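What follows is a single structure, written as structure tokens, with notes after it.
Every value quoted in this text rests on a predicted model; they were computed, and no experiment measured them. Letters go in sequence order (proteins before strands), and every chain restarts at 1.
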Protein chains: 2
Amino acid sequence: MNERVETPGNGNVFSENCPTRQVLDRLADKWSMLIMNRLRTEPVRFNQLRRDIEGISQKVLSQTLKKLERDGLIHRQVFASVPITVEYSLTKLGQTLSQTIQALSHWAEHNIETVLAAQKQYDNLAKQREARLG
Amino acid sequence: MNERVETPGNGNVFSENCPTRQVLDRLADKWSMLIMNRLRTEPVRFNQLRRDIEGISQKVLSQTLKKLERDGLIHRQVFASVPITVEYSLTKLGQTLSQTIQALSHWAEHNIETVLAAQKQYDNLAKQREARLG
DNA sequence: CGGGATCCTCAGGGATACTG
DNA sequence: CAGTATCCCTGAGGATCCCG
């Protein structure tokens, strides 16, 4: 465990190589969290994922899965059936992460309306200001 | 374009307009969560943020802050000092979100070593396989 | 100090075709 | 079914200059 140096009362600084940055750099893309979230309850096969994660392309799905597997977050199991079958599931490590991702998902469900309302209000105010300036 | 009809029922499907997707689309970039996290403990000024969030450009910081403000997650307060001072802080809504982001940050700190180890192992296995075929 | 406006790049990611 | 291989393009984001 390497203790991070945090300036006492002053909030932490986000140096390029702090753990949060490293993890966020891998998770903060369009799809990783969605995939993790989809795998949370059960193993899922490739094309099932492709169908469930609406809008993802086959290439990006493949890439992202490989990345997540490399990070030790998901497990890839091949069944020598005909035709071949591949199941993706969360590892123990991935399960712990999926907890916090699920929290984010819950936050989203509970607060999306508030966010959308805030956007509308912001846009209205912006429009008014615009009109005033001509 | 391709209007997918969502199959009702089994499991949760991630349609393009589900709340999780909408929120993730706004948060899942390189900087939003880091900024939210930096603002968690105290209001911070523009250039202070720029210095603390290592590597972010002025333009992107500005863009991201505006986006977060539009979403009702952060508040922008201007002080008519000379020269001008601007403080960014979390709104109530932003505070609730920052909780779960902090959870992600904690996960990162606790598990980054495991992730890095998994990567090494994955790369080694890949290299071995490559050698066997080469 | 806190940005806005421009220009430019480079990689994320879409579309399509092919394979074991 | 579960991917790989290419081609291509858009847009996130960096660099730079400017301004109240």
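The residue A:F79 sits apart from the nucleic acid: no heavy atom pair falls under 4.0 Å. B:R50 comes within 4.0 angstrom of nothing in the nucleic acid, heavy atoms only.
Counting to the nearest Å, the C1' atom of C:dG12 and the NZ atom of B:K30 are 12 Å from each other. Put simply, CZ on A:R26 is 15 Å from C1' on C:dG12, counting in whole angstrom units. A straight line from CZ of B:R45 to P of C:dG2 spans 5 Å, rounded to a whole angstrom. A:D25 has its CG atom 14 Å from the P atom of C:dA11, to the nearest Å.
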Result block: side-chain N/O donor-acceptor pairs under 3.5 angstrom for residues 114-121 of chain A, not counting sequence neighbours:
unit_1: A:Q119; atom_1: NE2; unit_2: B:D71; atom_2: OD1; d: 2.9

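Every residue two or more places apart in sequence or in another chain that forms a side-chain contact (heavy atoms from CB on, under 4.5 Å) with A:S32 is listed here: A:D29, A:T64, A:K67, A:L68. Annotation: salt bridge (Lys or Arg N to Asp or Glu O under 4.0 Å) contacts of A:D25 (sequence neighbours excluded): none. Partners of A:N47 by side-chain contact (heavy atoms from CB on, under 4.5 Å), not counting sequence neighbours, listed by chain and number: A:R50, A:R51. Residues satisfying the side chain to side chain donor-acceptor pair (under 3.5 Å) criterion with A:T96, sequence neighbours excluded, are B:W107. Every residue was checked against the side-chain contact (heavy atoms from CB on, under 4.5 Å) condition with B:V82, not counting sequence neighbours, and none meets it. Partners of A:T85 under the side chain to side chain donor-acceptor pair (under 3.5 Å) rule, at least two apart in sequence or in another chain, are A:S81. Here B:Q77 pairs with B:H75, B:F79 under the side-chain contact (heavy atoms from CB on, under 4.5 Å) rule; sequence neighbours left out.
Each of B:G55 and B:I84 was assigned the nucleotide of DNA chain D with the nearest heavy atom; the assignment lying further toward the 5' end belongs to B:G55.
The bend of the helix from C:dC1-D:dG20 to C:dG20-D:dC1, defined by the angle between the axes of its first five and last five pairs, stands at 50° to the nearest 10°.
Contact annotation: B:Y88 side-chain N/O to C:dG3 OP1/OP2 distance is under 4.0 Å.
Once you apply a 4.0 Å limit to the heavy atoms of chain A, the touched nucleotides of DNA chain D run 5' to 3' over D:dC1 to D:dC7.
The line from CG of A:L93 to CD1 of A:I74 is 11.5 Å long, rounded to the nearest 0.5 Å.
The salt bridge (charged side-chain N to carboxylate O under 4.0 Å, His left out) contacts involving residues 81-110 of chain A comprise nothing, where partners must be two or more places apart or lie in separate chains.
Side-chain contact check for B:Q128 and B:N124: no donor-acceptor pair (N or O, by modelled atom type) lies under 3.5 Å.
Of all the residues in residues 58-70 of chain B, B:Q58, B:K59, B:V60 reach under 4.0 Å from DNA chain D with at least one non-hydrogen atom.
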